[in-house]
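First up is the structure itself, then whatever we jot down about it.
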Amino acid sequence: MTASRMAPKTAELRSRTALRPDVLAHWYAAAARDLPWRGGGVSAWAVLVSEVMLQQTPVARVLPVWSTWMARWPDPMGLADDTPADAVRAWGKLGYPRRALRLHAAAHRIVTQFDGSVPASVADLESLPGIGAYTARAVAAFAFGARTPVVDTNVARVFARALLGRAHSGPSVTAADRASVEALLPAGPAEAARFSVAVMELGALVCTAGSPSCARCPVRMDCAWHRAGAPAHAGPRRKPQRFEGTDRQVRGRLLDVLRGTAAPVSADDLGRAWTDSEQRSRALVSLLRDGLVEQITDGRFGLAGEGAAPEGSG
DNA sequence: TAGCCGTGGAG
DNA sequence: TCTCCAAGGCT
């Protein structure tokens, strides 16, 4: 869903009925998953944490980690008071552990810069580490009721299919995509947020990337892609990511060792996690550079913040 | 901006 | 077994 693919004018898009807010709201009420970070009584912090955890990560894997996290750190102050190592360890095996580091840094910034309260504006949210264009708008809309386009890969795909008749959206969500979605957002903030979460849910449960379930789609009769016979995508697909044998895998192995031990470990201990010393060294350097790992004065390695000498000891 | 950054379940 | 990928962000 690049800018060029969004060529149809707003008025033309608006005239189409493929994504009627009322239809989507009705479907959402009946089909949506009951997720603990949705609905009333959930803090903005809880929403923010869920959105960060959900980046590139399946809901089923996020659920238990989010629950544990929120029980331990119900507000940003609690997390900011603990070490980055605590955050990385609590993150467990969710993947992309730098998110834990950034969430910890975000909590610190919320405390120091925003008086402990998650900011409500998109601009302030985007200024926080680990909070990008999508997450900032998701928090603004779902936690604060802001009328702002919440466009993730699901929303982009649903729009590409229902309104443009294309099988897939572009490789990444652009500002032009957000502008297109914003043009179709219901006028009321509450309705807009409901519309956004409904489209997201539709993309996650029905209008999936691989094998969409058009038969049970509430908007199939008005979907441009479905009406065109659901033609396959012609252009190039995203290059599949390989993992086995990559530095990413090595980083994961090293971090797994460090998560599993309370005390810092020696280089030899890390050596057992991966035999190729050159690759192991490269991965370790990158972890140090990222701030996930640190080396203490005796040469051993630990998660960031846990190997630090006590204050005043040197 | 294309490449990098984890993990493990599903088909 | 192997491929694909799941609510992005950062450089």
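No experiment lies behind these values; they were computed from the predicted model shown. So you know, we letter chains A, B, ... as the sequences are listed, proteins then strands, and number each from 1.
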Pick base, sugar-phosphate or nothing for [X], based on heavy-atom distances below 4.0 Å to the nucleic acid.
{"X": "A:R137", "value": "nothing"}
{"X": "A:L254", "value": "nothing"}
{"X": "A:W37", "value": "base"}
{"X": "A:L94", "value": "base"}
{"X": "A:R282", "value": "nothing"}
{"X": "A:R61", "value": "base"}
{"X": "A:G95", "value": "base"}
{"X": "A:R38", "value": "base"}

Kindly say if [X] contacts the phosphate of [N], meaning a side-chain N or O under 4.0 Å from OP1 or OP2.
{"X": "A:T135", "N": "C:dG9", "value": "yes"}
{"X": "A:R259", "N": "B:dT7", "value": "yes"}
{"X": "A:K93", "N": "B:dG6", "value": "no"}
{"X": "A:Q56", "N": "C:dA6", "value": "no"}

Quick one, A:R259 with A:D256, criterion salt bridge (Lys or Arg N to Asp or Glu O under 4.0 Å). Give me CA distance, side-chain angles, the key distance, then yes/no. CA-CA 5 Å; A:R259 270 196 306 262; A:D256 201 34; 3.1 Å; yes
Looking only at heavy atoms, what is the nearest atom pair of A:L79 and A:L103, with distance?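 Minimum heavy-atom contact is CD2-O, 3.8 Å.
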Which nucleotide wins on minimum distance to the side chain of A:E51, given the candidates B:dG6, C:dG8, C:dA7?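 When the side chain of A:E51 is considered, C:dA7 is the closest of B:dG6, C:dG8, C:dA7.
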Member of A:Q55, A:R248, A:Q56 meeting the side-chain hydrogen bond (donor to acceptor under 3.5 Å, both in side chains) criterion with A:Y96: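 The side-chain hydrogen bond (donor to acceptor under 3.5 Å, both in side chains) with A:Y96 is passed solely by A:R248 among A:Q55, A:R248, A:Q56.
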Round to the nearest Å and state the distance from [X] atom [atom1] to [N] atom [atom2].
{"X": "A:D247", "N": "B:dC4", "atom1": "CG", "atom2": "C1'", "result": "10 Å"}
{"X": "A:E244", "N": "C:dC2", "atom1": "CD", "atom2": "P", "result": "10 Å"}
{"X": "A:L63", "N": "B:dG8", "atom1": "CG", "atom2": "P", "result": "16 Å"}
{"X": "A:R253", "N": "B:dT7", "atom1": "CZ", "atom2": "P", "result": "9 Å"}
{"X": "A:L101", "N": "C:dC10", "atom1": "CG", "atom2": "C1'", "result": "14 Å"}
{"X": "A:L202", "N": "C:dA6", "atom1": "CG", "atom2": "C1'", "result": "17 Å"}
{"X": "A:R248", "N": "C:dG8", "atom1": "CZ", "atom2": "C1'", "result": "12 Å"}
{"X": "A:L292", "N": "C:dC10", "atom1": "CG", "atom2": "P", "result": "15 Å"}

[atom1] spacing across the pair [N] / [M], given as an integer number of angstrom:
{"N": "B:dG6", "M": "C:dT11", "atom1": "P", "result": "14 Å"}
{"N": "B:dG11", "M": "C:dA7", "atom1": "P", "result": "14 Å"}
{"N": "B:dC5", "M": "B:dT1", "atom1": "C1'", "result": "16 Å"}
{"N": "B:dG8", "M": "C:dC10", "atom1": "P", "result": "24 Å"}

Tell me which of A:A133 and A:F243 sits closer to the 5' end of DNA chain C, going by the nucleotide each one is nearest to.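 Comparing both residues, the 5'-ward one is A:F243.
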5'-most by nearest nucleotide on DNA chain C - A:T57 or A:L128: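 Result of the comparison: A:T57.
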Any ion pair linking A:D222 and A:R20 (charged N to carboxylate O, less than 4.0 Å)?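 Salt bridge flag = no for A:D222 with A:R20.
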State whether a side-chain donor-acceptor pair under 3.5 Å links A:R137 with A:S196.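 On atom types as modelled, these side chains do not qualify, holding no pair under 3.5 Å.
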Is it the case that A:D177 and A:T174 place a side-chain donor and acceptor less than 3.5 Å from each other?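 Checked: A:D177/A:T174 side chains pair up, N/O donor to acceptor below 3.5 Å.
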Establish whether the base of C:dG8 is bridged to the side chain of A:T153 by a donor-acceptor pair shorter than 3.5 Å.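 Under the 3.5 Å cut-off, the side chain and the base do not form any donor-acceptor pair.
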Assigning hydrophobic clusters by single linkage (Ile, Leu, Val, Met, Phe, Trp, Tyr; side-chain heavy-atom cutoff under 4.5 Å), is A:V139 placed with A:V122?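 Result: no, two separate clusters.
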